[in-house]
Amino acid sequence: MDESLRTIEHINDKIFKGDVTVLTAEEFVKLAESSGLERAAREVDVVTTGTFGAMCSSGAFLNFGHADPPIKMTKAWLNDVPVYKGLAAVDGYIGATAYSETRGIDYGGGHVIEDLVSGREIFLRGEGYGTDCYPRKHVETIITIEDLNQAVLVNPRNAYQRYFAATNSSDRTLYTYLGTLLPNYGNIGFSGSGELSPLYKDRDLETIGIGTRIFLGGGVGYVIGEGTQHYPSKYLSTIMVAGDLKKMSSEFLKGATFYKYGATLYVGVGIPIPLVNMNVARNAATPDEQIFTEIIDYSVPSVNRPVLRRVSYRELKHGLVEVNGRTVKAASMSSIRKAREVAETLKKWITEGGFLLTRPVAPLSRESVQKTMPLRKHEPKVAELMRTRIPTARLTDSIREVSAKMVRENADHVPVVDEENRLMGIVTTWDIAKAVAANVERLEAIMTRNVIVAKPHETIDMVAKRMEQYDITGLPVVDDDNHVLGLITSADLSRLLKASEGGVVVEGQA
Amino acid sequence: MKVRLELKYSPTHVNRPILARAILESGVPVNILNARLTASEGLMTIEMDADEKAVAKITEILRSNGVQIKEIPRYVEIDRNRCIDCGACTSVCPTDALTLSHEGRLTVNEEKCVLCGNCLKACPVKAVTLYR
């Protein structure tokens, strides 16, 4: 047990008397560096933290009140954004990532929440099937947040302790929830406020628990449980939070859209950390250079993306990071300036006596782990659908020989291989036509060298997406050493589609 | 003096090498920042670093060839009420026209902007306006 410093009751007494000492996490880091941790921990009662980032797992429960005659809305929209209506007649949940049926992802649930909080008028449309007690079937009206009986922000996962940094090794630009990732490790996207991060500043979750009163969206909220995907042993803890939306502010709740990714909501979350013992103080004093995350290659389409290196928040915030032997720009998706504002606002509230600290009514789990989804239904794989008896060509073959092979074997795609059957390139019937038109004789001159391939274990879905992306109709299937195993074409994919449409589901042997 | 101009060509003129001729005749080096051709017009944004006399000369040549010219006084504007200073735009800005200050504030250096538009897509809160 670490040396105890003070109790929450003692701190609240000081808040009442107006002589509590509160510092933001950044100020506390500096004080601990200049005066030493021991002295800083004795001088300071509370450290305030803050983060302001895109938090997709956010939304609000709304009660619209009953119309006359009343309706049991089974479907509802706010500014054309669908509201979850699997609840009682006029209760609904607007999720941050739901998007407008007329404007697409440019306007989503996050924007609706920002518009509500700003007091703007919102167009409500509802549909029901009509019952004896709820005879109405349609409703259309204009509402503002004032008209709602309750508007409660309830976010299942907020305030990630830290988050991964993303880069992109592929040759095309990726649009992700960590921003635009330029090709060939062109930049890095990251999120999280580092030394201001609420959950990192109490990383052993000693003071934050169920019931903890927090700053939420410019108002007061509470921790109502561990967040979804809470994974404390990896320092990827999260919290589920709730608070009265009517008392929040659009300064700290902002609708946003990540290009080609989707709509979301920026949420400001701040947690006061009472320095009850030396371990809590030590954790609260952790500087950016001691808070690490991993740079991950987001071009790999798997949940198990490769880690390129470890990086500190100091480096990330500095804005230039070395990756793959080159220094590239790192950009935050969350706002450090706003995170600082959250921590400063909370500091002001406490110092001025308007915000008392709470002792959690129950701790957050320290054992939760994040599991992946089990895929128990068979998904057709490339290996099951590819054709293995395919013609291949050698670099030394003439165009005439290859074209004869294409005709004989009825093939549109012919992989070019070396003596060990390793892929060197590909020629298509179109390439042959071009060769004839341009009077070229050597295969080498017309074959495509940068071949888009498939792997045998990949799902058909992935391959279909790749065909669409590169606008191609056939992919050689290769093993990890680039040996050609077969070929998969769009014709093979349509065969599968036809089979499943006809009620014959392709069940694998595996 | 650095000047940016928007040139509007009528569709009947787009296949003539008007700008090339204007550059050759005036001797002013011109940087083409942006060029678009629609069914109704051709639009081009050019930039040059030249004295007033040279700018007058090149605009005169362009005008006499039927090109409409508009000076672009601003290139990029940030709506400070929407901007959250996240910095998402900074890492996709190829010329460092957009950077985060030491205090974490977005700073704009319009001189450096080449109107590529990367920031428009990267901004999650749609705080950027480009004049092009």
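Proteins get letters first, then strands, A, B, ... in listed order; numbering begins at 1 in each.
- Panel note: side chain B:S91, backbone A:N187; no donor-acceptor pair is recorded below 3.5 Å.
- Other residues, nucleotides and ligands contribute at most 12 non-hydrogen atoms within 6.0 Å of the CD atom of B:E52.
- One finds the OG atom of B:S101 at 10.0 Å from the CZ atom of A:R337 (value rounded to the nearest 0.5 Å).
- For the atom pair A:F52 CZ and B:I84 CD1, the distance stands at 5.0 Å (nearest 0.5 Å).
- If you take NE2 on A:H318 and CG on B:L100, they are separated by 12.0 Å, rounding to the nearest 0.5 Å.
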Original post:
Which is it for B:V92 and A:L182 under the side-chain contact (heavy atoms from CB on, under 4.5 Å) test, yes or no, and what are the steps along the way?
Top reply: CA-CA 7 Å; B:V92 295; A:L182 302 173; 4.2 Å; yes
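- When every heavy atom of A:D106 is checked against every heavy atom of B:K126, the shortest pair comes out as OD1-NZ, 3.5 Å.
- No more than 12 heavy atoms of other residues, nucleotides or ligands sit less than 6.0 Å from atom OH of A:Y99.
- Heavy-atom proximity under 4.5 angstrom to chain A picks out B:E103, B:G104, B:R105, B:K121, B:A122, B:C123, B:P124, B:V125 from residues 103-125 of chain B.
- Of the residues considered (A:A339, A:G179, A:S334, A:A330), A:S334 shows the highest number of contacts with chain B, using heavy-atom pairs under 4.5 Å.
- Within 6.0 Å of atom CD in A:E121, 12 or fewer heavy atoms from other residues, nucleotides or ligands are found, so the atom counts as exposed in its surroundings.
- The shortest side-chain heavy-atom distance between A:K329 and B:D96 falls under the 4.5 Å cut-off.
- Heavy-atom distances place the side chain of A:E114, and not its backbone, under 4.5 Å from chain B.
- Heavy-atom distances place the side chain of A:Y266, and not its backbone, under 4.5 Å from chain B.
- For A:R120, the CZ atom sits in a packed shell: over 12 heavy atoms of surrounding residues, nucleotides or ligands are nearer than 6.0 Å.
- Comparing A:I336, A:T257, A:V328 by how many heavy-atom pairs each has under 4.5 Å with chain B, the most go to A:T257.
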